[in-house]
Amino acid sequence: MQKLSADFYIREEVDLIAKELLGKLLVVKSGNQIYTARIVETEAYAGVIDAASHAYKNKRTQRTETMYMKGGTAYVYFCYGMHYLFNVVTNQQDIPHAVLIRAVEPLFEVPQQFKKSKRLPGSGPALVTKLLGFDKSHDGISLLKNDLYIADDGYAPVSIAVSPRIGVDYAGNAAKWLYRFFIEGHPYLSPHVYNKNAVKII
DNA sequence: GCGCCGATTTGCT
DNA sequence: GCAAATCGGCGCG
């Protein structure tokens, strides 16, 4: 099991990074516990040129400042007044690329409280942060240290599909970009109604 | 299975 | 004032 290094995150092609994050392990240490979950669905956000990105046109606010940090940083923000969403910042400092982690498969024993929902734990961007306990305190944390990181255990997805991103209809032409990546047929994906315009690429 | 609604922070897209 | 990188509950059928 190999922790991903800065070289993985500090690259130009954010869509390639989003695809390569599929099948990787998200590792969270909390006290004495270690929680591990496999990433099964992601979305790429291409910064200043991407109308769906918070950093479109180089917009800087208190919230988006984290996106301008160097690749390998966690960007956690509050959405819809209710949910936290977890992203991985990529590329070099001041280039605000990010990958949204939309769904994970927990590889640990999930507490009973998360099993009450009809949806599987981790099967949506706000369910990922709920399952792993992410909140504002995780915003800006480095993924190159030991408390929160992503690792490669050699697992490779058999089949990968792409689709337009979810919930970004306001973004004009960028709403059509095939920047959502997921492991085809995986049970822990977000609701399958989102897969209507998906295309298998592997 | 589908569609509507409310929750309620953030930034004006 | 309003829409947003969402989810769960409800009604309908």
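Only this structure's heavy atoms are used, side chains among them; waters, hydrogens and symmetry mates stay out. Lettering of chains follows the sequences in order, A, B, ..., and the numbering in each one begins at 1.
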Chemist: Below 6.0 angstrom between ring centroids: does that apply to A:Phe108 and A:Tyr35?
Modeler: yes

Chemist: Respond yes when some side-chain nitrogen or oxygen of A:Lys136 is under 4.0 Å from OP1 or OP2 of B:dT10, and no when none is.
Modeler: yes

Chemist: Would you say A:His192 reaches B:dG1's phosphate, i.e. side-chain N/O to OP1/OP2 under 4.0 Å?
Modeler: yes

Chemist: Can you tell me which nucleotide in C:dA5, C:dG8, C:dT6 comes closest to the side chain of A:Arg119?
Modeler: C:dG8

Chemist: If I pick the P atom on C:dA5 and the same atom on B:dC2, what distance separates them, to the nearest angstrom?
Modeler: 24 Å

Chemist: Check this one for me: any side-chain N or O of A:His54 less than 4.0 Å away from OP1 or OP2 of B:dT13?
Modeler: no

Chemist: Measure NZ/A:Lys116 against C1'/C:dG9 and give the value in whole Å, please.
Modeler: 16 Å

Chemist: Of the nucleotides B:dC12, C:dT6, C:dA5, which one has an atom closest to the side chain of A:Tyr170?
Modeler: C:dA5

Chemist: A:Gln113 has an atom CD; how far is it from atom C1' of C:dG8, in whole Å?
Modeler: 16 Å

Chemist: From the set C:dG8, B:dT9, B:dC2, return the single nucleotide nearest to any side-chain atom of A:Val193.
Modeler: B:dC2

Chemist: Would you mind reading off the distance between A:Met82 atom CE and B:dT10 atom C1', rounded to a whole angstrom?
Modeler: 16 Å

Chemist: Please tell me if the side chains of A:Leu21 and A:Phe8 come closer than 4.5 Å, counting only heavy atoms from C-beta onward.
Modeler: yes

Chemist: Any chance CD of A:Glu65 has more than 12 other-residue heavy atoms, nucleotides or ligands included, within less than 6.0 Å?
Modeler: yes

Chemist: Between atom CZ in A:Phe78 and atom P in C:dT6, what is the gap in whole Å?
Modeler: 14 Å

Chemist: Go nucleotide by nucleotide along DNA chain B from the 5' end; which of A:Gln62 and A:His83 gets its closest nucleotide reached first?
Modeler: A:His83

Chemist: With rounding to whole Å, what would you report as the distance between C:dG13 and B:dC5 at their P atoms?
Modeler: 16 Å

Chemist: With sugar-phosphate meaning primed atoms plus P, OP1 and OP2, does A:Leu100 contact a base, only sugar-phosphate, or nothing at under 4.0 Å between heavy atoms?
Modeler: base

Chemist: Going by centres under 5.5 angstrom and planes under 30 degrees, do the aromatic ring of A:Tyr80 and the base ring of C:dA4 stack?
Modeler: no

Chemist: Report yes or no: is the cationic atom of A:Arg38 (NZ for Lys, CZ for Arg) closer than 6.0 Å to the six-membered ring centre of A:Tyr188, at no more than 45° off its axis?
Modeler: no

Chemist: Between A:Ser117 and A:Val99, who's closer to the 5' end of DNA chain C by nearest nucleotide?
Modeler: A:Val99

Chemist: Please state how far atom CG in A:Asn87 lies from atom P in C:dT6, giving the value in whole angstrom units.
Modeler: 11 Å

Chemist: Within less than 4.0 Å of OP1 or OP2 of B:dC12, is there a side-chain N or O belonging to A:Lys59?
Modeler: yes

Chemist: State, with a plain yes or no, whether a side-chain heavy atom of A:Ile150 is found less than 4.5 Å away from one of A:Val88.
Modeler: yes

Chemist: Which nucleotide, if any, forms a Watson-Crick or G-U wobble pair with B:dT8, using both distances under 3.5 Å?
Modeler: none

